A.B. asks: 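Dumping the structure here so I can ask a few things about it.
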Amino acid sequence: MPDSYSPQYVEAAWYPWWEQQGFFKPEYGRSSVSAPNPRGIFMMCIPPPNVTGSLHLGHALTNAIQDSLTRWHRMRGETTLWNPGCDHAGIATQVVVEKKLWREQGLSRHQLGREAFLREVWKWKEEKGDRIYHQLKKLGSSLDWNRACFTMDPKLSAAVTEAFVQLHEEGVIYRSTRLVNWSCTLNSAISDIEVDKKELTGRTLLSVPGYKEKVEFGVLVSFAYKVQGSDSDEEVLVATTRIETMLGDVAVAVHPKDPRYQHLKGKSVIHPFVSRSLPIIFDDFVDMEFGTGAVKITPAHDQNDYEVGQRHGLEAISIMDAQGALVNVPPPFLGLPRFEARKAVLAALKERGLFRGTEDNPMVVPLCNRSKDVVEPLLRPQWYVRCGEMAQAASAAVTRGDLRILPEAHQRTWHAWMDNIRDWCISRQLWWGHRIPAYFVTVSDPAVPPGEDPDGRYWVSGRTKAEALEKAAEEFGVSPDKISLQQDEDVLDTWFSSGLFPFSILGWPNQSEDLSVFYPGTLLETGHDILFFWVARMVMLGLKLTGRLPFREVYLHAIVRDAHGRKMSKSLGNVIDPLDVIHGVSLQGLHDQLLNSNLDPSEVEKAKEGQKADFPAGIPECGTDALRFGLCAYTSQGRDINLDVNRILGYRHFCNKLWNATKFALRGLGKDFVPSPTSEPGGRGSLVDRWIRSRLTEAVRLSNQGFQAYDFPAVTTAQYSFWLYELCDVYLECLKPVLSGVDQVAAEHARQTLYTCLDVGLRLLSPFMPFVTEELFQRLPRRTPQAPPSLCVTSYPEPSECSWKDPEAEGAFELALSITRAVRSLRADYNLTRIRPDCFLEVADEATGALASAVSGHVQTLASAGIVAVLALGASAPQGCAVALASDRCSVHLQLQGLVDPARELGKLQAKRSEAQRQAQRLRERRAASGYTVKVPLKVQEADEVKLQQTEAELRKVDEAISLFQKML
């Protein structure tokens with residue numbers, strides 16, 4: 001066995017063996033997945049990562065939690081499936097391949113054509129698409145790779161088509177022209193989750209794709225509309241941050257109760273550039289206090305304005321095309337890119353004398369997170385899902401308790417979203433994705449008027465084109481030969497196929513063994529940030545299409561931030577690649593990664609400074625096990641996790657401790673050791689054997705309880721404490737004299753107990769630290785020849801197996817530990833690091849005396865003491881002893897006479913006393929100053945009080961020591 005723990009050595013070969021042996025398959029150890037299992041079934045599907053993705057810390061956290069749960073359920077004997085999969089990531093993938101195409105061939109996708117472009121995407125997917133799978137394996141994720149799914153696979157594509165057709169036939173999916181988030185760079189609608197909101201405090205210049213110069217945002221422009229037919233040249237002042245949109249204005253709105261505008265009822269204002277007058281309308285949505293209390297209305301380019309337009313029957317005039325160039329406007333604005341038009345409109349208003357000024361205006365600019373373009377609200381005919389009824393059903397499932405959302409704080413968010421849900425736009429103007437199985441119908445029959453795109457009656461859906469043709473012929477009452485069909489060019493929102501994931505991966509709509517066994521699933525575990533975008537849609541679509549919830553529980557974990565609580569971003573230089581934590585990386589290596597990223601040169605320097613501040617010596621090699629254990633231990637911090645790499649390094653040291661403890665134990669067990677067939681102790685055993693078994697029982701109880709409650713820190717703390725503070729710091733130390741002693745019966749009993757601790761302790765840790773525990777477990781002898789071949793399919797320790805709770809042994813040993821702590825504290829106080837001082841125990845009664853005598857040998861070992869003697873009741877300790885309390889029934893007297901120089905110690909103590917007195921005096925004066933209780937913040941006052949108490953306690957301790965040394969002179 002190597003001398004020390006090396007993550008690289010330990011993690012090199014286990015994963016391929018686990019996979020090859022089929023340990024991760026639910027069929028392992030049983031005739032079929034549908035074979036009855038009294039232990040039950042555990043099924044969870046992975047939140048499918050993007051096919052373009054590479055591992056980040058969010059993935060690492062998700063997989064550390066999910067894999068530890070999966071391994072725990074598998075070890076409990078349940079039929080366990082953790083199903084992997086990958087998302088085709090419509091926009092992200094198309095953008096990556098388009099950039100590659102332009103870089104390598106100088107072609108756009110339009111020059112290549114749809115079919116050829118899709119061949120390029122599939123080619124890229126085959127070359128690069130399994131990178132994320134390799135990284136998940138590196139994390140030790142025990143997924144059943146034979147069941148891996150890709151959302152564009154034929155099986156999943158068939159499910160998408162089936163879902164669309166069913167929902168369209170029911171009227172749940174419909175065609176409508178509404179405002180959407182539009183990316184002019186992508187030429188597509190995008191979902192809310194793909195929109196980043198950039199907050200501005202005032203005037204800001206931003207880079208926008210397609211524009212050489214930066215564009216101004218965060219400025220409110222005021223201008224005047226002249227009132228039509230006014231003799232006095234009356235005008236109404238309005239203001240906007242998007243002055244170019246005034247070309248699409250169709251009205252001016254004021255509040256019905258605003259006294260300034262009552263006289264303008266029924267009047268209009270004149271548009272200076274287009275030949276139309278704009279009615280002055282009265283609507284409650286206007287805020288009388290903001291600006292002039294008058295608002296320009298552009299229904300085709302603003303959500304609020306659109307709703308006002310709907311209420312008042314106003315025309316919605318679109319003034320931008322898909323690329324963001326102006327249309328339906330007069331020259332000189334016609335054809336201008338939107339932000340060039342911004343300048344032109346401003347200049348024209350000034351020329352006409354209608355410009356009234358600008359002011360800084362804090363605002364939020366919506367940016368497409370793929371293209372970094374400024375998102376435009378545009379009116380476009382799209383496909384929508386009617387969400388009202390489905391949302392009510394999803395909300396009711398949580399209210400009834402059929403679906404549990406944990407932590408429960410997220411249930412409020414769930415209900416709030418469901419109560420305020422809007423219909424979901426599911427079409428995207430992309431080529432990569434599931435092409436919408438809907439067809440526009442043209443009928444060559446004079447009796448049937450031609451249809452228009454937004455009219456849903458002229459659209460049919462079908463699982464095949466032939467089915468769509470049959471539907472259209474029936475709908476319009478003509479023969480199929482009079483129908484021509486044009487399939488929609490658009491593809492479905494990626495979240496639509498992701499919403500079907502829990503049942504599409506199992507073969508729905510076709511019946512299969514997997515679907516009958518594993519649907520509904522047990523648990524959905526993911527980050528709380530996609531509760532609505534993914535979880536809610538899975539629940540809504542699952543209930544609607546299968547009549548059942550897709551899972552019974554949802555556990556939402558926190559978001560990972562850096563050690564300072566900042567969001568991880570490339571420009572701050574605080575993004576941490578999990579593989580860098582696993583393998584380690586130099587500071588220069590971190591810098592080099594920035595150069596290969598898409599950051600601006602100015603941002604690279606800032607990011608380098610961030611890296612230098614956080615990782616001056618780079619990131620040390622921590623290994624997978626330490627990273628997984630650390631991430632799970634962190635999940636107690638509420639919504640966000642502030643990840644400090646030094647803490648992960650601490651868990652790497654913990655792995656080293658496990659390694660050394662097992663190495664020592666194997667030496668202690670000896671080559672010829674044979675474990676007893678069961679873990680039950682043969683005979684009563686020594687006090688320390690009984691104590692460690694009792695502590696092991698508690699670790700087993702807390703581990704199972706923590707896993708059941710998704711309380712990962714409770715599990716990691718219980719296991720860390722057992723291994724480090726109980727097994728290594730206490731039991732192994734107490735074992736050394738026993739194993740080298742003459743009492744062979746005691747030694748054999750101790751060896752059996754030690755083996756049980758290693759066996760159970762490694763099984764407990766295995767879900768979090770699969771590699772190091774497997775490595776160490778394989779070095780242990782087995783209890784029986786029939787024992788499972790791997791730790792990951794060995795049974796998880798349960799309270800019924802480990803029922804060795806022994807309050808009597810724990811009470812007695814707690815006294816030994818209290819005495820040990822008191823001795824160590826005194827040794828530290830008097831700097832007796834290399835000397836074994838004698839120790840005298842003063843007890844309050846005979847029972848405590850008997851206990852103290854029983855544990856005196858252990859105290860001697862653990863406290864590195866000389867003689868440990870229990871004083872007779874009422875007897876005094878020898879002269880020259882320092883005193884500390886071990887408990888209310890026992891005091892510890894540590895012999896200092898002859899071990900220290902009293903005169904020298906007195907000199908040091910007098911100096912220490914003077915400094916403590918000065919500090920206490922300063923604090924008293926500060927607290928007594930006038931106005932202290934009023935002017936000084938409460939937190940500071942509390943801190944001062946604690947400091948004073950600590951200083952006074954230190955003074956008392958120093959005075960006791962001075963008194964002791966004076967007696968020794």
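Note that the structure is predicted; figures quoted are calculated from it, not measured.
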A.B. asks: From the options Ile867, Leu826, Leu894, select the one residue that forms a side-chain contact (heavy atoms from CB on, under 4.5 Å) with Pro837.
C.D. replies: Leu894
A.B. asks: Look at atom NZ of Lys198 and say whether more than 12 heavy atoms of other residues, nucleotides or ligands are closer to it than 6.0 Å.
C.D. replies: no
A.B. asks: Does the cation-pi check pass for Arg652 over Tyr5, that is, NZ or CZ under 6.0 Å from the six-membered ring centre and within 45° of its axis?
C.D. replies: no
A.B. asks: Are Asp689 and Tyr731 close enough that a side-chain donor and a side-chain acceptor fall under 3.5 Å?
C.D. replies: yes
A.B. asks: Report the distance from atom CD1 of Ile819 to atom CG of Leu862, rounding to the nearest 0.5 Å.
C.D. replies: 11.0 Å
A.B. asks: Output, in order, the C-alpha distance, side-chain angles, deciding distance and verdict of side-chain contact (heavy atoms from CB on, under 4.5 Å) for Arg827 and Ser864.
C.D. replies: CA-CA 10 Å; Arg827 291 183 60 174; Ser864 299; 3.0 Å; yes
A.B. asks: Between Tyr720 and Lys657, is there a cation-pi geometry (under 6.0 Å to ring centre, at most 45° from the normal)?
C.D. replies: no
A.B. asks: Which of these passes ring-ring contact (aromatic ring centres under 6.0 Å, His included) with Phe629: Phe654, Tyr634, Phe771?
C.D. replies: Phe654
A.B. asks: Would you say the rings of His858 and Phe813 are close, in the sense that their centroids are separated by under 6.0 Å?
C.D. replies: yes
A.B. asks: Using side-chain contact (heavy atoms from CB on, under 4.5 Å) as the criterion, point out the one residue from Leu764, Leu762, Asp729 that pairs with Trp723.
C.D. replies: Leu762
A.B. asks: Hey, could you give me the CD/CG distance between Glu905 and Leu964, rounded to the nearest 0.5 Å?
C.D. replies: 10.0 Å
A.B. asks: Please examine the side chains of His410 and Pro407, heavy atoms only from C-beta on, and report whether any two atoms are closer than 4.5 Å.
C.D. replies: yes
A.B. asks: Taking the six-membered ring for Trp and the single ring otherwise, decide whether the centroids of Phe712 and Tyr555 are under 6.0 Å apart.
C.D. replies: yes
A.B. asks: Kindly determine whether Asp711 and Gln705 satisfy side-chain hydrogen bond (donor to acceptor under 3.5 Å, both in side chains), including the steps that lead there.
C.D. replies: CA-CA 8 Å; Asp711 186 354; Gln705 188 179 289; over 6 Å; no
A.B. asks: With side-chain hydrogen bond (donor to acceptor under 3.5 Å, both in side chains) as the criterion, how do Gln708 and Asn704 come out once you've worked through the C-alpha distance, each side chain's angles and the decisive distance to 0.1 Å?
C.D. replies: CA-CA 6 Å; Gln708 272 155 356; Asn704 281 284; 5.6 Å; no
A.B. asks: Among Lys912, Gln919, Arg918, whose side chain to side chain donor-acceptor pair (under 3.5 Å) with Glu915 holds?
C.D. replies: Arg918
